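For clarity, every value in this text was computed on a predicted model and none was experimentally measured. In listed order, ligands and their atoms are each counted from 1.
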Amino acid sequence: MLFPELDTPCIVIDDEIVERNLAQYQDYCDRHDLRLRPHIKTHKLPEMALRQLALGAVGITCQKIGEAEVFAEAGCRDILLTFNIVGTQKLTRLRRLAERVVLRVVADNEVVARALSGAFSDRSLEVLVECDTGAGRCGVQAPDAAAELAMLLDSLPGTRFGGLMTYPPQFAEAAVDDWLRLARDACRASGLNVETVSSGGTPSMWRAHRASVVTEHRSGTYIYNDRSLMHRATCVERDCALAVLTTVVSRPTGDRVVVDAGSKALTADLFGLEGYGYVREYPDACIYSLSEEHGCIDMRGCTARPEIGERLRVIPNHVCPVTNLFDEVHIHRRGAVTNTLAVAARGKVA
Ligand SMILES: Cc1ncc(COP(=O)(O)O)c(C=O)c1O
């Protein structure tokens with residue numbers, strides 16, 4: 001039986017794969033003169049961030065102030081917050097955070113820029129201009145608009161323009177490079193220094209060097225990988241470090257198996273795929289429906305059937321929200337559990 005000492009459903013993480021994933025991508029960044037700033041939203045574990053920093057990461061990326069607070073407490077000293085900060089509660093927390101760490105944030109509009117300036121009027125906060133280079137989320141919409149906002153940040157009290165940041169569309173390095181180069185040159189033409197050009201994302205991590213204007217890369221999922229990345233050929237099964245360990249609790253028909261991992265363990269994130277995860281022990285099985293605590297698996301593609309009580313490892317479609325569902329994760333080496341870690345930044349979504 002897999003991991004007889006653990007109760008299910010739970011998260012198991014293969015430490016040898018983590019070690020290899022971290023080292024391989026740090027090496028890639030070093031070879032391509034890219035500063036690596038891992039996004040911690042994937043693991044939410046200070047222990048993993050400290051390993052990434054020890055390998056050569058220049059700092060960490062957080063999406064939320066709550067995450068940054070946890071990682072600052074754990075000793076991470078250089079944090080980029082890639083989210084527009086809106087509201088007085090958050091600005092107050094941001095000020096406190098800036099007293100403890102080297103902190104940089106982003107802005108993509110004048111309202112956010114002026115609020116940051118107001119909150120930091122007696123000190124100096126470095127702000128990157130977020131650019132929408134095609135992903136269609138936040139970000140100024142044109143290179144000239146990036147330069148305009150950069151000029152504003154540079155002229156306001158309390159803020160200092162630190163460079164450009166984008167969450168790019170996948171597999172579009174040439175277009176992203178063109179966009180950011182135009183923005184950087186427009187900033188330079190206005191007399192601004194563009195210290196950092198920060199991009200990110202795991203799907204196109206092995207092509208990051210093709211956007212040569214980029215100085216810093218933010219990857220998160222590369223630490224564990226997941227089924228969506230297998231599907232996009234960014235990784236293969238043996239690169240996937242995290243699985244949800246689950247137990248077969250019922251076999252109501254010859255073809256249907258029910259496990260104790262539902263949407264509260266795997267999330268309902270299809271991520272454009274068919275089925276809710278990849279069953280390592282039965283690769284041709286399809287997790288076709290989830291309720292909160294039950295996962296229904298169609299076994300028709302498989303020759304064998306699992307017994308009731310058998311344990312399965314499921315590689316989630318999208319690993320980041322899955323780690324946010326569990327209080328702790330179990331680290332193992334070759335199937336033997338070596339450590340259990342509390343997911344310290346779990347639920348820190350504000
Ligand atoms: C701003 C930002 N940077 C970096 C990343 C890292 O992306 P990935 O999880 O694909 O590594 C994300 C992912 O959502 C992001 O939103």
Side-chain angles (χ1 to χ4, degrees), residues 18 21-22 24-26 28-29 34-45 48-49 52 57-68 71 78-85 103-108 112 127-140 146 162-173 176 179-180 196-209 211 214-235 239-242 267 269 271-273 315-324 345 348-349:
V18 165
N21 290 346
L22 295 184
Q24 272 178 355
Y25 199 57
Q26 183 63 57
Y28 170 89
C29 288
L34 272 169
R35 282 176 280 165
L36 176 58
R37 181 178 287 279
H39 207 312
I40 58 74
K41 50 104 194 185
T42 303
H43 54 70
K44 291 175 171 279
L45 297 167
M48 293 297 186
Q52 290 168 313
V58 295
I60 60 167
T61 307
C62 296
Q63 205 79 318
K64 295 305 182 80
I65 298 180
E67 292 174 335
F71 282 76
D78 186 329
I79 299 179
L80 171 65
L81 253 178
T82 47
F83 208 89
N84 278 337
I85 302 299
L103 181 68
R104 292 180 306 151
V105 299
V106 301
D108 75 349
V112 168
V127 186
L128 276 59
V129 171
E130 181 167 358
C131 304
D132 179 2
T133 53
R137 200 167 67 179
C138 289
V140 294
L164 305 169
M165 171 263 165
T166 191
Y167 183 57
Q170 293 160 15
F171 309 120
E173 288 72 29
V176 170
W179 203 114
L180 292 172
T196 299
V197 180
S198 179
S199 187
T202 296
S204 44
M205 65 194 270
W206 303 115
R207 302 152 55 114
H209 64 285
V214 169
T215 63
E216 168 180 293
H217 193 76
R218 310 178 313 274
S219 262
T221 313
Y222 80 107
I223 185 169
Y224 298 148
N225 292 309
D226 59 21
R227 183 173 177 230
S228 78
L229 291 162
M230 283 165 61
H231 189 72
R232 292 166 179 149
T234 304
C235 71
D239 302 320
C240 292
L242 182 148
T267 77
D269 214 339
F271 232 36
L273 303 172
I315 299 174
N317 288 348
H318 184 192
V319 79
C320 308
V322 169
T323 60
N324 195 45
K348 304 293 183 195
V349 293

Would you say the side-chain atoms of Q52 and Y222 include a donor-acceptor pair closer than 3.5 Å?
->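 Result is yes, a qualifying pair exists.
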What is the minimum heavy-atom distance between L164 and A146, and which atoms define it?
->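 Shortest heavy-atom separation between L164 and A146 comes out as CD2-CB, 4.3 Å.
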Return the set of residues passing salt bridge (Lys or Arg N to Asp or Glu O under 4.0 Å) with E130 (not counting sequence neighbours), or none when no residue passes.
->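 For E130, no residue satisfies salt bridge (Lys or Arg N to Asp or Glu O under 4.0 Å) once neighbours in sequence are set aside.
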Residues in salt bridge (Lys or Arg N to Asp or Glu O under 4.0 Å) with D239, at least two apart?
->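 Residues passing salt bridge (Lys or Arg N to Asp or Glu O under 4.0 Å) with D239: R20.
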Enumerate the pairs of nitrogen or oxygen atoms, one from ligand 1 and one from the protein, separated by less than 3.5 angstrom; state names and distance to 0.1 Å.
residue: ligand 1; atom: 3 (N); partner: R218; partner atom: NE; Å: 3.1
residue: ligand 1; atom: 3 (N); partner: R218; partner atom: NH2; Å: 3.0
residue: ligand 1; atom: 9 (O); partner: K41; partner atom: NZ; Å: 2.6
residue: ligand 1; atom: 9 (O); partner: T221; partner atom: OG1; Å: 2.6
residue: ligand 1; atom: 10 (O); partner: T202; partner atom: N; Å: 2.8
residue: ligand 1; atom: 11 (O); partner: T202; partner atom: N; Å: 3.1
residue: ligand 1; atom: 11 (O); partner: T202; partner atom: OG1; Å: 2.5
residue: ligand 1; atom: 11 (O); partner: G220; partner atom: N; Å: 2.6
residue: ligand 1; atom: 11 (O); partner: T221; partner atom: N; Å: 3.1
residue: ligand 1; atom: 14 (O); partner: K41; partner atom: NZ; Å: 3.4
residue: ligand 1; atom: 16 (O); partner: Q63; partner atom: NE2; Å: 3.0
residue: ligand 1; atom: 16 (O); partner: R137; partner atom: NH2; Å: 2.8

Determine whether more than 12 heavy atoms belonging to other residues, nucleotides or ligands lie under 6.0 Å from atom NE2 of H231.
->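 No, NE2 of H231 has 12 or fewer neighbouring heavy atoms, counting only those of other groups under 6.0 Å.
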Which residues pass the ring pair (Phe, Tyr, Trp, His ring centres under 6.0 Å) test with F171, sequence neighbours left out?
->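 Partners of F171 by the ring pair (Phe, Tyr, Trp, His ring centres under 6.0 Å) criterion come out as none, since no residue qualifies.
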